[in-house]
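Here the structure comes first, spelled out in structure tokens, and everything after it is commentary.
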Protein chains: 2
Amino acid sequence: MTISKALEAAYLVGRLERLARSGVTVEGLNPAQWEALRYLARANRFSRTPAALADYVGSTRGTISQTLIALEQKGLAARRASARDGRSVELALTRRGEAVLKQDPLLHLAQDIALGTDDDPAKLVTTLQAILAATIARNEGRAFGVCHSCRHFRRNARPGASSPHHCGLLDEPLSEADSKDICQEQEAAA
Amino acid sequence: MTISKALEAAYLVGRLERLARSGVTVEGLNPAQWEALRYLARANRFSRTPAALADYVGSTRGTISQTLIALEQKGLAARRASARDGRSVELALTRRGEAVLKQDPLLHLAQDIALGTDDDPAKLVTTLQAILAATIARNEGRAFGVCHSCRHFRRNARPGASSPHHCGLLDEPLSEADSKDICQEQEAAA
DNA sequence: AATCTATAGTAGCGACTCGATATCATCAAG
DNA sequence: CTTGATGATATCGAGTCGCTACTATAGATT
């Protein structure tokens, strides 16, 4: 009984996503490129690398490389050699990239969700997070959660400083803005 | 406030679907082929045509034609000239097609949903349906709802008969099984 | 220091997907 | 019997993405 309802929900998710995606070549960006832009807008500075992005979207590095090249050519993202690791590349959105994100076709879906959940979209968010966690676990992937809910996050370790929080794993100070970002290393607090 | 939660939910839906889809070439079927199989398993006999399928998945007829050819070559679906309309083709799953559906990769997602909604997946289903309705309306598409909730559905118009129900639009008798199928013509009851 | 192994990223190839167009057959209307 | 609309298919091409191979760097081992 429960399983049939769950199956029905799975069908709906699949169909919803397909419909939301149809006709989505807005701004000349393909879905993978949109997803990369979204990620770059929300990932913290330690997670803005091609490898992290590849893990996040469940794709390969080769594919991500192509996506990033395309974004760079369009002037929406920038690649810069990392100072810490000579092999590594740091990614960032450009001004234009941030502007283009305001045209994100997913905003239409967000409106539909707002309409369809009139009372509490928050409930839907928690439900989806739980489902996503199960899916990620099955795929043996990382959660990529938000920094401030990580078990390595130490709130207000330096009171008064401009970066008052601290990441115990990376041993790095964190600003308030940092704490809201997506982090590759995130492990949910117990 | 509400809109930011809705946006968060939209992100989650997108990511969930992408993860669920990754590595999905099970049984040598691509996502479009899976979706066609699913549709054929759930659509009523008036809606099992290439054109209806194309409308349902929001694709073009040319693309659907290729998908169906592939499915036919694999022995999963059958095409038969329609008796009513010489231009039209009637689709059906084969035995093998029904068997293969039991390997549907979406079943994994269904399990994740069952895990993530432990208490009431039914609530999620109604929420998703409402969202989907909004999306379809925005795309100016048809709802493709279930037969028995259609305003043309007349329950038990012929009591005792093997096909006791009736469709006022097509003027056709309907069995109990028919009434649970997806119908292209469906219009939600007022 | 020298070497070895692992990792970050890129390049290029190739399979595949899918939409656009053109074509043909059939139906419905005048 | 035209004319226009519709269902379906074949063909073509753009684009997407994963795989393999390759280079460069980092870190570990001796």
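Numbers restart at 1 for each chain; the letters A, B, ... are given by sequence-line order, proteins then strands. Only a predicted model underlies this, so the values are computations on that prediction, with no experimental measurement involved.
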Smallest separation among heavy atoms of [X] and [Y], with atom names:
X        : Y        : value
A/Cys150 : A/Gln186 : CB-CG, 3.5 Å
B/Trp34  : B/Asp104 : CZ3-CA, 3.6 Å
B/Arg15  : A/Glu35  : CA-OE2, 4.3 Å

query = Are any of the side-chain nitrogens in A/Arg84 or A/Glu172 under 4.0 Å away from the carboxylate oxygens of its partner?
reply = yes
query = Can B/Asp178 and B/Arg45 be counted as an ion pair, charged N to O under 4.0 angstrom?
reply = yes
query = Relative to the 5' end of DNA chain C, which residue comes earlier, A/Glu90 or A/Thr63, by the nucleotide with the nearest heavy atom?
reply = A/Glu90
ask   = C/dG9, D/dG18, C/dC18: which one has an atom nearest the side-chain heavy atoms of A/Ala51?
value = C/dG9
message = Looking only at the side chain of B/Thr49 (C-beta and beyond, no hydrogens), which of the listed nucleotides C/dA20, D/dA8, D/dC19 gets closest?
response = D/dA8
Rounded to whole Å, please give me the gap between [atom1] in [X] and [atom2] in [N].
X       : N      : atom1 : atom2 : answer
B/Leu53 : D/dG7  : CG    : P     : 14 Å
A/Leu68 : D/dC17 : CG    : P     : 12 Å
A/Ile69 : D/dG15 : CD1   : C1'   : 15 Å
B/Gln33 : C/dC16 : CD    : C1'   : 10 Å

ask   = Do any of residues 73-89 of chain B sit with a heavy atom less than 4.0 Å from DNA chain D, and if so which?
value = B/Arg79, B/Arg87, B/Ser88, B/Val89
query = Touch check for B/Ile64, heavy atoms < 4.0 angstrom, all strands: base, sugar-phosphate only, or nothing?
reply = nothing
ask   = Which part of the nucleic acid does A/Ser59 contact within heavy-atom distance under 4.0 Å: base, sugar-phosphate only, or nothing?
value = sugar-phosphate
query = Between the base of D/dG15 and the side chain of A/Gln66, is there a donor-acceptor distance below 3.5 Å?
reply = no
message = If you go through the side-chain atoms of A/Ser65, does one of them form a donor-acceptor pair with the base of C/dG9 closer than 3.5 Å?
response = no
task = May I ask you to check if A/Arg38 and A/Tyr56 form a cation-pi contact, with NZ or CZ under 6.0 angstrom from the six-membered ring centre and within 45° of the axis?
result = no
key: N/O donor-acceptor pair under 3.5 Å between B/Arg80 side chain and B/Glu90 backbone   = no
B/Arg61 side chain near D/dG7 phosphate (N/O to OP1/OP2, under 4.0 Å) = yes
